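Below is one structure, written out as structure tokens; comments come after it.
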Amino acid sequence: MLKNNNPFVSYKIEHNIGLITIDYPPVNALSQQVRQGITQGIECFQNEPAVQAIIIQCAQKTFIAGADIKEFGQPPTEPFLPDVVNQIENCNKPVVAALFGTSLGGGFEVALACHYRVALANAKVGLPEVNLGLIPGAGGTQRLPRIVGGAKALQMITEGKHHAVTSLAESGLIDAIFPLESDLCDQTIDFVKQKLGERQLPVKRSGERPIINDVDWVDALQKIKRKARGKEAPVVAVEVLQQTCDKSLTDGMKIERDAFLKLRDSAQSAALRYAFSAEKAAAKVNFNSDPLPVEIVGVIGGGTMGAGIATAFLLSGFNVILIERDDCALAAGTDKIIKNLQTAEQRGIIKQHQYEAGLKRLSTALDYQPLRQCDLVIEAVFEDIQVKKEIFAQLGQICQPNCVLATNTSYLNIDEIALATGRPEQVIGMHFFSPANIMKLLEVVRAAKSSEQALATAMMVAKKLGKIAVLVGVCFGFAGNRMYTRYGREIQQMLLEGASIEQIDKAMTNWGMAMGPLAVQDLSGIDIGHNARSAQPFPEHDPGYFRAAAVMVENGRLGRKTGAGFYHYDESGKAVSDSKASELIAQKAQQLAIEQRSFTDDDIVERAILALISEGLSLYEEGIVRQLSDIDVIWLHGYGFPRHKGGPMFYARQLGVEKVTQLLVKQQSIAGKQIWPDLKMGSLS
Ligand code: 3HC
Ligand code: NAI
């Protein structure tokens, strides 16, 4: 009766318990064969008199991590997941889910349909569907609020986060939590045997209970609409829960399924699923050499970036040697790192003992000799090519032969820096984003002579840091900042042509950008980009385009740090409109005899986004990025591009070559000049 040809699901009986084991690498996703295997397993054990209870468990590193994302976009095949979960719940023998790793989405829905859930202490569960532009589609919106209550379920579903089972112990969701070092299978069998022996394992179907309705729905809907900022799925989640809170499981699941299928076919879900796969694609680089092990990391410069970089390494268990140029700067850098670690502890990212261990792994020096011990050194000093060349010349002399030497430069030519070492093959860029201990993005820069081993090492280190690394080539600003410069240039031109500061920022944030471009400049300091452009390491990026920024710098309006930039900042730090900034821009436009006109919000967005698209296409044509999707990953993680629009290049692909061309022509005719070079758009199709 246990005959089974399913390659990914196996059945076994032990101690009168039927074990259904899913083994479908890498994350036991619910592919058609896995769904089929679960269905047949339940059917088989239900009809087997020797079996008194059933356990659903997994091999690999996790319980089921969700529906199989690879199947989305293909015609659905039977058995459908909602039918599988209902079959589990309707089974007349108790079914127990044995959770470990991350039980997510459809995987968690399988667990919710089981009559009992047991877990290893470090297991996590969650309904992350909103991150893919979906809502749970197999009873998650119905069974979870019946167990943990509507308010908690609503929070879990709309936030899409992973939750430690230990944090849900009180909610009735988890029936037993086993110590980390124990064997989950043995523990689960013991749990079932004991309960069976005590006759305490009745079939307990959550679907038979009503939803615990503890939510003010009007308030919930208003809040989520504000928070979602254009994302559809979280709003649909609230609407579905509201509509179904007094319905039976069957009726509720029907409403849930209809909404799920509609979202699955939406543009937002396509974009969010694309973003997920683009991140995986960015990480997959075939180097012809293995990475070198890295334990000790040198960081030169303890300023904004150096302190953040050092913190990121300490948080991930590396030993760090921080080098500064004098006692005062060293004390300031160390202080920043300590504060960063303290904040991480206060926010619960690390525990007290990890904070202490992190501090112990930090050592400091004023000379470069201790860097002899390092496997990787990252330079984060002033953006000055001479200073950096001198430092790299010393590193070439001091560091051990295999040590990878990285610069965090934003704009400078790494090929030139590399030559100063006498061993350019060891030199790469590791361009972190500020704050480096928080921002996930890292551009790993391949210079002309960088070795595969050095690059492979940086990519491996990035993974250990929990960063999303993208491999790029050398050019002005690499991929991200070069595109950002092109985008900024168009924003600046629009300011001079008559668009207001407030209108530009509002148009871009309403479209979905996390922040308005001028508010961003005020935050990062208008002088930073101005100085980088003026240094002209790559002559084609003419500082003359940025005259509105230049006029701010000339008037000492550097942004937040000086209390005024494009905006004025009141005592509480709130940005307020400032007529002085607008006047300065208008005067500049007059001096330059730039004709003034009015802009629609759509005009602003089109011109700004086309700037990104055009520069992205140039980067790809020049081979600075390996694939267009890498640009999207950079913009999603480094520049606040709305994830539900997939990234600038995905957005362009969705528009299609014809539409992009049409918009380019339209914007150029409005501007009365050629704004974009002749673009090769073949890569968009
Ligand atoms: N389907 C198919 N493949 C998946 C997958 C899924 N749900 N989740 C992860 N994978 C694949 C990845 O693409 C990757 O493949 P690769 O090795 O070929 O690149 C591999 O598994 C490993 O993934 P990660 O590199 O992300 O591994 P991590 O250990 O860092 O993370 C994870 C594991 C936490 C499971 C993470 O991959 C993740 O968050 N996955 C998405 C989970 C999810 O969104 N589930 C819900 C799906 S929608 C759903 O279930 C609808 C239902 O309600 C009907
Ligand atoms: P910063 O001015 O905050 O810090 C620079 C630090 O380097 C100072 O603490 C200084 O004392 C130290 N320093 C200078 N010369 C030194 C030497 N010879 N030896 C040891 N230490 C020395 O500068 P920031 O912002 O941290 O930038 C550092 C680098 O990172 C630059 O190349 C910059 O372009 C790049 N970068 C900056 C980003 C940002 O948002 N600030 C983002 C990404 C990269």
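The structure presented is a predicted model; accordingly, all values stated were derived computationally and were not measured. Start at 1 and go down the list; that is how both ligands and their atoms are numbered.
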Does NZ or CZ of K280 fall inside the cone over F276's six-membered ring, less than 6.0 Å from its centre and within 45° of the axis? yes
Yes or no on side-chain contact (heavy atoms from CB on, under 4.5 Å) for L471 and E443, after CA distance, side-chain angles and deciding distance? CA-CA 6 Å; L471 185 65; E443 285 180 315; over 6 Å; no
At under 4.0 Å between heavy atoms, is it the side chain or the backbone of H431 that contacts ligand 2, or both, or neither? side chain
Could you tell me which non-hydrogen atom of G646 sits nearest to which non-hydrogen atom of A271, and how far apart they are? N-CB, 3.6 Å
Report the residue from R643, K284, K440 that forms a salt bridge (charged side-chain N to carboxylate O under 4.0 Å, His left out) with E279. R643
So for ligand 2, is F432 a polar contact partner (N or O within less than 3.5 Å, distance only)? no
Classify the contact between S410 and ligand 2 as side chain, backbone, both or neither, using a heavy-atom distance cut-off of under 4.0 Å. both
Under 4.0 Å from atom 10 (N) of ligand 1, is there any protein heavy atom? yes
Please assess V377 against V404 for the test side-chain contact (heavy atoms from CB on, under 4.5 Å), listing each intermediate value before the final yes or no. CA-CA 6 Å; V377 174; V404 175; over 6 Å; no
Within the 4.0 Å heavy-atom cut-off, what I528 brings close to ligand 2 is neither
N or O contact, G105 vs ligand 1, cut-off under 3.5 Å: no
In terms of atom number and element, which parts of ligand 1 are under 4.0 angstrom from non-hydrogen atoms of P136? 53 (O)
Is A380 in contact with ligand 2, taking contact as a heavy-atom separation below 4.0 Å? yes
Under 3.5 Å between any N/O of M305 and any N/O of ligand 2: does that happen in this structure? yes
As an exercise, identify every atom of ligand 2 less than 4.0 angstrom from a heavy atom of I300. 19 (N), 20 (C)
Can you check side-chain contact (heavy atoms from CB on, under 4.5 Å) on V320 and S363, steps first, answer last? CA-CA 6 Å; V320 173; S363 58; over 6 Å; no
Go through ligand 1 atom by atom and flag the ones less than 4.0 Å from a non-hydrogen atom of E129. 48 (S), 49 (C), 50 (O), 51 (C), 52 (C), 53 (O)
Counting from 1 in the order shown, the ligand 2 atoms closer than 4.0 Å to a non-hydrogen atom of Y368 are 17 (C), 18 (N), 19 (N)
Please confirm whether F108 and F63 have ring centers closer than 6.0 angstrom. no
Please assess H644 against E232 for the test side-chain hydrogen bond (donor to acceptor under 3.5 Å, both in side chains), listing each intermediate value before the final yes or no. CA-CA 9 Å; H644 60 276; E232 290 160 3; over 6 Å; no
For atom 3 (O) of ligand 2, find the nearest protein heavy atom and state the residue, atom name and distance (0.1 Å precision). T304 N, 3.0 Å
Those atoms of ligand 2 less than 4.0 Å from some heavy atom in T409: 32 (O)
Please list the nearest protein heavy atom to atom 33 (C) of ligand 1 with its residue and the distance rounded to 0.1 Å. V27 CG1, 4.4 Å
Identify the closest protein heavy atom to atom 16 (C) of ligand 2: which residue and atom is it, and at what distance? V381 CG1, 3.6 Å
So which protein heavy atom does atom 9 (O) of ligand 2 come closest to, and at what separation? E324 OE2, 2.5 Å
side-chain contact (heavy atoms from CB on, under 4.5 Å) evaluation trace for L112 with E89: CA-CA 9 Å; L112 288 169; E89 191 176 70; over 6 Å; no
Heavy atom of E279, distance to ligand 1 below 4.0 Å: no
Nearest-0.5 Å distance that lies between atom CG in D630 and atom CD1 in I468: 11.5 Å
Would you say the side chain of F478 lies within less than 4.5 Å of the side chain of V444, judging by non-hydrogen atoms? no
Should H163 and M156 count as side-chain neighbours, where that means a heavy-atom distance under 4.5 Å? yes
Heavy atom of protein inside 4.0 Å of atom 36 (C) of ligand 1, strictly below: no
Checking a contact table here: which protein heavy atom is nearest atom 17 (O) of ligand 1, and how many Å away? K284 NZ, 4.3 Å
Only heavy atoms of P128, strictly under 4.0 Å: list the atoms of ligand 1 that pass. 43 (C), 44 (O), 45 (N)
Less than 4.5 Å apart, any side-chain heavy atom of S103 and any of K124? no
If you draw a 6.0 Å radius around NZ in K467, do more than 12 non-hydrogen atoms from other residues or ligands fall strictly inside? yes
Does the N or O separation between A67 and ligand 1 drop below 3.5 Å for any pair? yes
For K339, look at atom NZ and say whether over 12 heavy atoms of other residues, nucleotides or ligands are found less than 6.0 Å away. no
Please state which protein non-hydrogen atom is closest to atom 25 (O) of ligand 1 and give its distance, to 0.1 Å? K280 NZ, 3.6 Å
Any atoms of ligand 2 less than 4.0 Å from a non-hydrogen atom of K388? List them with their elements. 31 (C), 32 (O)
In short, M439 meets F433 closest at the heavy-atom pair CB-O, 3.7 Å
Minimum-distance protein heavy atom relative to atom 21 (O) of ligand 1: P26 CG, 3.1 Å
Compute the shortest N/O to N/O distance between E383 and ligand 2 and return yes if it is under 3.5 Å, no if not. yes
Protein heavy-atom partner closest to atom 40 (O) of ligand 2 - residue, atom, separation in Å: S434 CB, 3.4 Å
In terms of residue, atom name and distance, what is the protein heavy atom nearest to atom 1 (N) of ligand 1? I69 N, 2.9 Å
F276 to ligand 1: N or O pair under 3.5 Å? no
Within the structure, does L132 bring an N/O atom to less than 3.5 angstrom of an N/O atom in ligand 1? no
Interfacing atoms of ligand 2 (cut-off 4.0 Å, heavy-atom, I391): 17 (C), 18 (N)
Using a strict cut-off of 4.0 Å, indicate which atoms of ligand 2 neighbour a heavy atom of G301. 7 (O), 12 (C), 21 (N)
Run the numbers for me: atoms of ligand 1, each under 4.0 Å from some heavy atom of K61, listed by number. 27 (O), 29 (O)
Give the contacting part of A65 toward ligand 1: side chain, backbone, both or neither, where contact means a heavy-atom distance below 4.0 Å. both
Tell me whether the rings of Y487 and W635 are parallel (<30°), tilted (30 to 60°) or perpendicular (>60°). perpendicular
Around atom 3 (N) of ligand 1, find the nearest protein heavy atom and jot down its residue, atom name and distance. K70 NZ, 4.0 Å
Please list the nearest protein heavy atom to atom 32 (C) of ligand 1 with its residue and the distance rounded to 0.1 Å. T102 OG1, 4.4 Å
Heteroatom distance test (E109, ligand 1): nitrogen or oxygen, under 3.5 angstrom: yes
Enumerate the atoms of ligand 2 whose separation from the nearest heavy atom of A329 is less than 4.0 angstrom. 11 (O)
Heavy-atom contact check, 4.0 Å cutoff: does G140 meet ligand 1? no
For atom 2 (C) of ligand 1, grab the closest protein heavy atom and report residue, atom and distance to one decimal in Å. D68 OD1, 3.2 Å
Going by heavy atoms, is E379 under 4.0 Å from ligand 2? no
